[in-house]
**Student:** 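There's a structure below that I have some questions on.
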Amino acid sequence: MTRPEQVLAAIGGMDNVISIEPCVTRLRCQLREPDQVDRAALRDLGVHGVTVQGDSVQIIVGPDADLLASDIDDLWGGQ
């Protein structure tokens, strides 16, 4: 499983995603069920932090946020 696939799985899969946007070093995610976020799995993937506020989740991934968001969008299909 690729890193984008692992991140997507750790945030609850495609059905849980409303949107994902890169922001410098972060992925800003709107999720249907933010309690499905697996923080331990994200930490194992090397993310630097996770912040959850309501249905908004920010995942600090570092300078490759744009590339990672693009790869996840390709998997997700922008549904």
**Student:** Distance from Leu75 atom CG to Leu8 atom CG, nearest 0.5 Å?
**Tutor:** 6.5 Å

**Student:** Could you go through residues 53-68 and list every donor-acceptor pair under 3.5 Å that involves a side-chain atom there, pairing it with any protein atom two or more places apart or in another chain?
**Tutor:**
residue: Asp55; atom: OD1; partner: Gln30; partner atom: NE2; Å: 3.1
residue: Asp55; atom: OD2; partner: Gln30; partner atom: NE2; Å: 3.4
residue: Ser56; atom: OG; partner: Gln30; partner atom: OE1; Å: 2.6
residue: Gln58; atom: OE1; partner: Arg26; partner atom: NH1; Å: 3.0
residue: Asp64; atom: OD2; partner: Arg3; partner atom: NH1; Å: 2.9

**Student:** Is there a donor-acceptor contact under 3.5 Å from the side chain of Arg32 to the main chain of Val17?
**Tutor:** yes

**Student:** Under 3.5 Å, side-chain donor or acceptor atoms of residues 39-52 against the rest of the protein: list the pairs with distances, not counting sequence neighbours.
**Tutor:**
residue: Arg39; atom: NH1; partner: Val50; partner atom: O; Å: 3.3

**Student:** Enter the distance from Ile11:CD1 to Gln36:CD here, rounded to the nearest 0.5 Å.
**Tutor:** 10.0 Å

**Student:** Would you confirm whether Asn16, through its side chain, and Leu31, through its main-chain N or O, come within 3.5 Å as a donor-acceptor pair?
**Tutor:** no

**Student:** Only counting residues at least two apart or in another chain, list the ones meeting side chain to side chain donor-acceptor pair (under 3.5 Å) with Glu5.
**Tutor:** Thr2

**Student:** Enter the distance from Asp73:CG to Ser19:OG here, rounded to the nearest 0.5 Å.
**Tutor:** 10.0 Å

**Student:** As an exercise, state the distance from CD of Glu21 to CZ of Arg28, rounded to the nearest 0.5 Å.
**Tutor:** 9.5 Å

